[in-house]
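Worksheet: the structure to be examined is printed underneath.
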Amino acid sequence: MTDILDAGLLLSWYDTHKRILPWRQTRDPYRIWLSEVMLQQTQVATVIPYYNRFTDAFPDATALADAQDDRVLKMWEGLGYYNRCHNLLKAMRKVRDEHGGRVPDTPEAFSGLPGVGPYTCAAVQSIAFGHSLAAVDGNVNRVVTRLFALDGVVTSAGVKRAIQDAVDSAVSETRPGDFNQAMMELGATVCTPRRPDCSRCPLRSGCKARALGRQEAFPVKGAKKAVPLYPVALAVVVKDGKILVQKRPAKGHLAGMWEFPGGRVLTGETHEDALGRCLMDELGVVPAVGKLVGSVTHAYSHFRVQLYLYLAEVGGGSPTSKKGQPVDWITTEDLNRLAFPTANRKLFPLLVEALG
DNA sequence: TATCCGTGGCT
DNA sequence: TAGCCAAGGAT
């Protein structure tokens with residue numbers, strides 16, 4: 001019953017054991033919001049330096065709204081899920097233009113902003129404004145499915161409803177922000193995916209999974225899909241000591257990031273075939289493909305790639321964007337001024353060595 | 001409901 | 001080592 005998820009026990013534990021984190025040293029809704037977006041699917045230790053750089057460079061919502069897209073994306077570089085960055089920027093501009101620069105203080109107004117889903121809305125509105133809304137994230141899923149030994153795949157409608165009902169009933173009316181953070185803190189530091197330390201858990205006496213000795217059996221996950229490996233051929237087109245780079249489209253995979261031209265090697269194609277096809281489609285040029293600079297592999301969420309980087313030159317004509325994506329010639333020093341995906345960035349040392 | 005969307009740390 | 005996982009949202 002309500003004893004199983006006891007907000008009083010949880011809050012007492014949190015008061016004693018919570019970690020000191022940068023976004024816990026402020027009540028600024030903008031900073032709390034920024035931290036929540038960065039923390040989506042991203043670990044605390046990874047976020048901290050990014051959060052500190054952002055708050056230094058953009059101390060409030062209007063400062064971020066006024067910033068140039070490329071500068072913000074460059075600061076996000078390496079954090080992943082780049083649509084979070086694009087949506088955050090869109091949202092800040094709405095805050096500036098439609099809310100007088102103040103973060104909306106009601107769930108109704110806040111939840112309509114780009115990149116703000118059910119979790120982020122509940123987290124920000126409870127932590128920053130004291131609204132009694134229960135936030136459900138991966139930690140909460142794990143803690144609650146264990147407390148109540150919820151069988152069934154955690155992403156199924158029934159289990160999701162059971163989890164939401166449990167936290168809705170338990171969330172503190174007086175300290176909802178701390179309640180939400182306490183649930184997540186418990187999941188992150190005690191009720192961990194592997195080898196949870198039940199001896200340190202304030203809710204251990206009522207935990208059904210522990211009573212069954214099956215803590216690690218929850219949450220139940222669905223079947224996982226195999227991830228394909230795609231070969232990708234890329235070109236370092238060199239001319240007058242400069243390198244050709246292009247910007248990815250504003251939507252989709254790695255939106256707005258810069259990269260070397262090239263693309264998937266289709267079945268039956270040679271690497272040179274693929275480079276010829278891709279550079280003609282994207283830039284309207286026929287490359288003279290030279291030696292292989294090097295190769296790296298990289299894993300994304302739903303597929304892996306093996307990148308093969310080739311030296312190349314273009315003869316007559318100059319590369320021109322055929323798909324509306326900006327194109328630029330840059331020096332090796334400029335590589336660090338633009339936002340590149342990590343997979344491309346892995347190739348930089350090989351490239352610098354090859355161009356020696 | 002299922003899939004897409006990154007990266008780094010951990011075991 | 002290879003897979004798992006993390007303070008999710010959009011479509």
Side-chain angles (χ1 to χ4, degrees), chain A residues 14 18-19 21-24 32-51 73 76-88 90-91 110-128 134-143 153-161 167 177-189 191-196 216 219 221-229 248-249 251-257 259 296-305 339-346:
Chain A
Y14 181 67
K18 67 181 175 188
R19 292 168 292 178
L21 300 173
W23 43 90
R24 288 184 180 159
I32 291 164
W33 180 10
L34 176 65
S35 75
E36 290 299 343
V37 174
M38 288 185 165
L39 285 163
Q40 289 169 10
Q41 299 292 285
T42 310
Q43 300 194 112
V44 165
T46 302
V47 167
I48 288 174
Y50 284 89
Y51 173 86
L73 188 60
W76 199 278
E77 180 188 50
L79 196 54
Y81 285 139
Y82 298 99
N83 275 328
R84 289 184 297 175
C85 181
H86 299 302
N87 284 145
L88 183 66
K90 287 180 192 168
F110 187 65
S111 62
L113 294 168
V116 176
Y119 165 78
T120 302
C121 181
V124 172
Q125 292 295 313
S126 64
I127 297 168
V136 177
D137 76 327
N139 293 120
V140 174
N141 281 337
R142 187 168 56 254
V143 170
V153 177
V154 67
T155 54
S156 69
V159 173
K160 284 199 289 189
R161 172 57 60 90
V167 289
D178 284 340
F179 174 88
N180 285 329
Q181 293 189 81
M183 287 291 286
M184 295 187 281
E185 190 81 350
L186 187 63
T189 64
C191 194
T192 48
R194 289 173 298 275
R195 300 174 59 84
E216 293 193 41
K221 297 296 181 68
K224 48 197 176 283
K225 251 181 54 178
V227 295
L229 172 64
R248 295 181 61 88
K251 292 181 181 293
H253 191 49
L254 303 169
M257 307 287 281
E259 66 178 4
V296 301
T297 61
H298 189 77
Y300 293 103
S301 302
H302 289 72
F303 61 94
R304 293 185 302 146
V305 292
F340 280 86
T342 294
N344 268 242
R345 200 158 273 283
K346 287 180 177 177

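Throughout, a chain's letter reflects where its sequence line sits, starting with A, and its residues are numbered from 1.
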Base, sugar-phosphate alone, or nothing: which one does [X] contact when heavy atoms must sit under 4.0 Å apart?
{"X": "A:V116", "answer": "sugar-phosphate"}
{"X": "A:R19", "answer": "base"}
{"X": "A:A157", "answer": "sugar-phosphate"}
{"X": "A:L186", "answer": "nothing"}
{"X": "A:L254", "answer": "sugar-phosphate"}
{"X": "A:A255", "answer": "nothing"}
{"X": "A:R142", "answer": "sugar-phosphate"}

So which nucleotide from [options] ends up closest to the side chain of [X]?
{"X": "A:Y300", "options": "C:dG9, B:dT7, C:dA7", "answer": "B:dT7"}
{"X": "A:M184", "options": "C:dG8, B:dC5, C:dA7", "answer": "C:dA7"}
{"X": "A:E185", "options": "C:dA7, B:dT3, B:dT7", "answer": "C:dA7"}

I'd like to know if the side chain of [X] reaches the main chain of [Y], judged simply by a donor and an acceptor atom lying under 3.5 Å from each other, with no hydrogens or angles considered.
{"X": "A:E259", "Y": "A:N344", "result": "no"}
{"X": "A:T189", "Y": "A:E185", "result": "yes"}
{"X": "A:R84", "Y": "A:V37", "result": "yes"}

In whole angstroms, how far is the [atom2] atom of [N] from the [atom1] atom of [X]?
{"X": "A:N141", "N": "C:dA6", "atom1": "CG", "atom2": "C1'", "answer": "12 Å"}
{"X": "A:N87", "N": "C:dG9", "atom1": "CG", "atom2": "P", "answer": "11 Å"}
{"X": "A:Y81", "N": "B:dC5", "atom1": "OH", "atom2": "C1'", "answer": "5 Å"}
{"X": "A:L39", "N": "C:dA6", "atom1": "CG", "atom2": "P", "answer": "13 Å"}
{"X": "A:W76", "N": "B:dC5", "atom1": "CH2", "atom2": "P", "answer": "17 Å"}
{"X": "A:K225", "N": "B:dT3", "atom1": "NZ", "atom2": "C1'", "answer": "7 Å"}
{"X": "A:H302", "N": "B:dC5", "atom1": "NE2", "atom2": "C1'", "answer": "8 Å"}
{"X": "A:H253", "N": "B:dT3", "atom1": "NE2", "atom2": "C1'", "answer": "14 Å"}

> Which sits closer to the 5' end of DNA chain B, A:K160 or A:G252, going by the nucleotide each is nearest to?
Replying inline: A:K160

>> Reading DNA chain B from 5' onward, which residue's closest nucleotide shows up sooner: A:Q40 or A:S156?
In response: A:S156

>> So, using side chain to side chain contact (heavy atoms under 4.5 Å, CB included) as the criterion, who are the partners of A:Y50 when residues are at least two apart?
In response: A:M38, A:R53, A:L79

Phosphate-side-chain proximity, [X] and [N], N/O vs OP1/OP2 below 4.0 Å:
{"X": "A:N83", "N": "B:dC5", "answer": "no"}
{"X": "A:K224", "N": "C:dC4", "answer": "yes"}
{"X": "A:Q41", "N": "C:dG8", "answer": "yes"}

Looking only at atom [atom1], what distance separates [N] and [M], rounded to whole Å?
{"N": "C:dC4", "M": "B:dT3", "atom1": "P", "answer": "16 Å"}
{"N": "B:dT11", "M": "C:dA7", "atom1": "P", "answer": "15 Å"}
{"N": "B:dC5", "M": "C:dA6", "atom1": "C1'", "answer": "14 Å"}
{"N": "C:dG9", "M": "B:dG8", "atom1": "P", "answer": "22 Å"}

>> What I want to check is whether an N or O donor and acceptor connect the side chain of A:S301 with the base of B:dG6 at under 3.5 Å.
In response: yes

>> Counting distance alone, no hydrogens or angles: does the base of B:dG6 have a donor or acceptor under 3.5 Å from a partner atom on the side chain of A:T42?
In response: yes

> How many angstroms lie between atom OG1 of A:T120 and atom CZ of A:F110, to the nearest 0.5 angstrom?
Replying inline: 7.0 Å

> Below 6.0 angstrom between ring centroids: does that apply to A:H302 and A:Y300?
Replying inline: no

> Mind checking whether A:F303 and A:H253 have ring centres under 6.0 Å apart?
Replying inline: yes

Return the polar atom pairs (N/O with N/O) between nucleotides 8-11 of chain B and the protein under 3.5 Å, or none.
none

> Mapping A:T120 and A:P193 to their closest nucleotides on DNA chain C, which lands nearer the 5' end?
Replying inline: A:P193

>> Reading DNA chain C from 5' onward, which residue's closest nucleotide shows up sooner: A:W23 or A:G115?
In response: A:W23

> A:P341 and A:M257: which non-hydrogen atoms are nearest, and at how many Å?
Replying inline: N-CE, 3.6 Å

> What residue among A:V167, A:N139, A:D178 forms side-chain contact (heavy atoms from CB on, under 4.5 Å) with A:M183?
Replying inline: A:V167

> Could you walk me through whether A:E216 and A:R194 pass the salt bridge (charged side-chain N to carboxylate O under 4.0 Å, His left out) check?
Replying inline: CA-CA 6 Å; A:E216 293 193 41; A:R194 289 173 298 275; over 6 Å; no

